[in-house]
Amino acid sequence: MKLQFYNSVTSKKEEFKSLSDKEVLVYGCGPTVYNSPHIGNFRTFVFYDLLNRVLLQNGYVVKNVINITDIDDKIIDRVNNEGVGFKELTQKYERIFLDQSSTINILPSTFNPRASEHISEMIDFIKALMAKGVAYNIDGNIFFDTKEYSKYGKFVNIDDDNLSREDNELGKKHPNDFALWKAWKDSDGEITWESDWGNGRPAWHTECAVLGTQLLGDSIDIHCGGIDLKFPHHENESAQVEALLGNKFANYWLHSEHLIFDSEKMSKSLGNTLSISDLLTKYSAETLRLFLLSSHYRSKVSFSEKKLDDSSKMIDKINRFVNNVDLATIDINGVDYSRFHLDFLDALNDDLNTPEALGVFFDFINTVNKNINNDSMTDDLRIQSKIFINLFNSIFCVINTSSSDKMFIPKDIQNLASLREEMRSKFEWNEADKLRQMIDNLGWLIEDTKDGQKLIQKK
RNA sequence: GGCGUCGUACCCAAGUGGUCUAAGGGAUCGGUUUGCAAAACCGCUAUUCGUCGGUUCGAAUCCGACCGACGCCUCCA
């Protein structure tokens, strides 16, 4: 199946055609770095990573940006009210974001630009918009004039009569007009930059518009973000770029749905968040990642620990399978892709259908387990398995391959296990079972296989 | 108020006009296996897809109404 995505602009699945043959340009809105990202934020970031990996799987070279929003009201609040330094605060949370991204197996982006390091380009961009007559200055605030841009409203049906907007204190001409530059106020403190219109700072929509065009170009292939950014953020971002440059900014707009917590969207504003670091004390990064990938990116998902437990069990099942097929000695040359491989790739190419793809992988596990179970495992099937496991893991990244620490079995556990083995050989079942219970209490499971007992650390 | 998304088994979750008496995972129960377990395998668990109508030879899938959940219109992944 050809690669296709659901495009938020047309509300349809569309076949993906890249601007250039080889390279694909992708922009994803990144975190605002005033505190730690939560699992809901990471749903979107893992979605970016999924998109990235599926593009790579399709043979594209991906050039992508995930920006760091380090100029924002909440950052300014924290800096001015808590006596922390601007850089100190933003770089601390930027670091946490990048570290956690890596923990959860997100591939690094080509660029992670900070808004604060591209101010002069933003000023030039705004100047150009003013010169074009689509932006105006009211007391040092620069606004985009939505009435001067005929295509405003690509993502929503705009009905001016039904806007329930805030009071227009700043004097915008039209309700939908939005800020490109915000004039300095007392509460901004030291956080300010000089411009032709006096001191102030760029507004969020402009930050992304400029970072995207500066680093990737005037036209990009894919722009993505969480669904809450569709309007007004992405509307405003693309309005600026398209009004200025006269071309389509992004060909495909992809939006991921929210993670719901206690029947509300999980968000920093609502305060109902769960941080990655908290969840990692109880669940592995692989479990969190599989949880996020086990429903489709465009459907709402309610968070629950039950789901994480289910994901954890899936991971166990996958890992047992990987261990059981005994791949070490297999040479993977010259085998055709099986039906499973093709179905798996088709599912991913069909708008990143990870639940479907996961189903195909489990079907495959079942097929191979059947063969193992009745001793009809062939080299051919072993090779198929190795290829498919590699393929699966290149997208899902939930098989713990660097498990040297997992393979390590403490001496005391080993001793108890060999003692149990000895008791079993002497048919001392009661003693053997007692030892198994002891080992269990210490956090290890025993599986008796044809090749002797196997120790597995409990999660 | 306006705009939009969604409602599939005990739980989660694909499928969006015929191959659907609906994939896959978890859970339960029964079986094979095992010294007993565990794991693996087999079987059972939705003739039904929020409700009620309509279109169609045919609908979970299209249309309408209603009920329910959530999101956006203000910062937000």
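Quantities reported herein were computed from a predicted structural model and do not represent experimental measurements. Convention: sequence-line order gives letters A, B, ...; per-chain numbering from 1.
- Not a single salt bridge (charged side-chain N to carboxylate O under 4.0 Å, His left out) links A/Lys370 to another residue, sequence neighbours left out.
- At a cut-off of 3.5 angstrom, counting only N and O atoms as typed in the model, there is a donor on one side and an acceptor on the other between the side-chain of A/Asp448 and the base of B/C36.
- The list of salt bridge (charged side-chain N to carboxylate O under 4.0 Å, His left out) pairs with a residue in residues 95-111 of chain A, not counting sequence neighbours, reads A/Arg95-A/Asp99.
- A/Asp77 meets the side chain to side chain donor-acceptor pair (under 3.5 Å) test with no other residue; sequence neighbours excluded.
- Taking A/Tyr6 as the reference, nothing meets the side chain to side chain donor-acceptor pair (under 3.5 Å) condition, with sequence neighbours excluded.
- Considering only the side chain of A/Phe231, B/C73 comes nearest among B/C73, B/G15, B/A77.
- Taking A/Asn236 as the reference, A/Tyr152, A/His205 meet the side chain to side chain donor-acceptor pair (under 3.5 Å) condition, with sequence neighbours excluded.
- One N or O donor and one acceptor, one from the side chain of A/Lys74 and one from the base of B/C75, sit under 3.5 Å apart.
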Nucleotide-resolved protein contact map, nucleotides 24-32 of chain B, B/S/- at heavy-atom distance under 4.0 Å: SBSS-----

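- Partners of A/Lys185 under the side chain to side chain donor-acceptor pair (under 3.5 Å) rule, at least two apart in sequence or in another chain, do not exist in this structure.
- Partners of A/Glu431 by salt bridge (charged side-chain N to carboxylate O under 4.0 Å, His left out), not counting sequence neighbours, listed by chain and number: A/Lys434.
- Of all the residues in residues 288-299 of chain A, A/Ser294, A/Ser295, A/His296, A/Ser299 reach under 4.0 Å from RNA chain B with at least one non-hydrogen atom.
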5'-to-3' dot-bracket of RNA chain B (Watson-Crick, G-U; under 3.5 angstrom; crossing pairs as [ ]; | other strand): ((((((((.[[[..)..(.....]]]..((((.......))))......[[[[[..)....]]]]])))))))....

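- Applying the salt bridge (charged side-chain N to carboxylate O under 4.0 Å, His left out) test to A/Asp72 and every residue at least two apart in sequence or in another chain returns nothing.
- Atom CG in A/Asp351 sits roughly 12 Å away from atom P in B/A14 (whole-Å rounding).
- Under the salt bridge (charged side-chain N to carboxylate O under 4.0 Å, His left out) criterion, A/Glu242 pairs with A/Lys154, not counting sequence neighbours.
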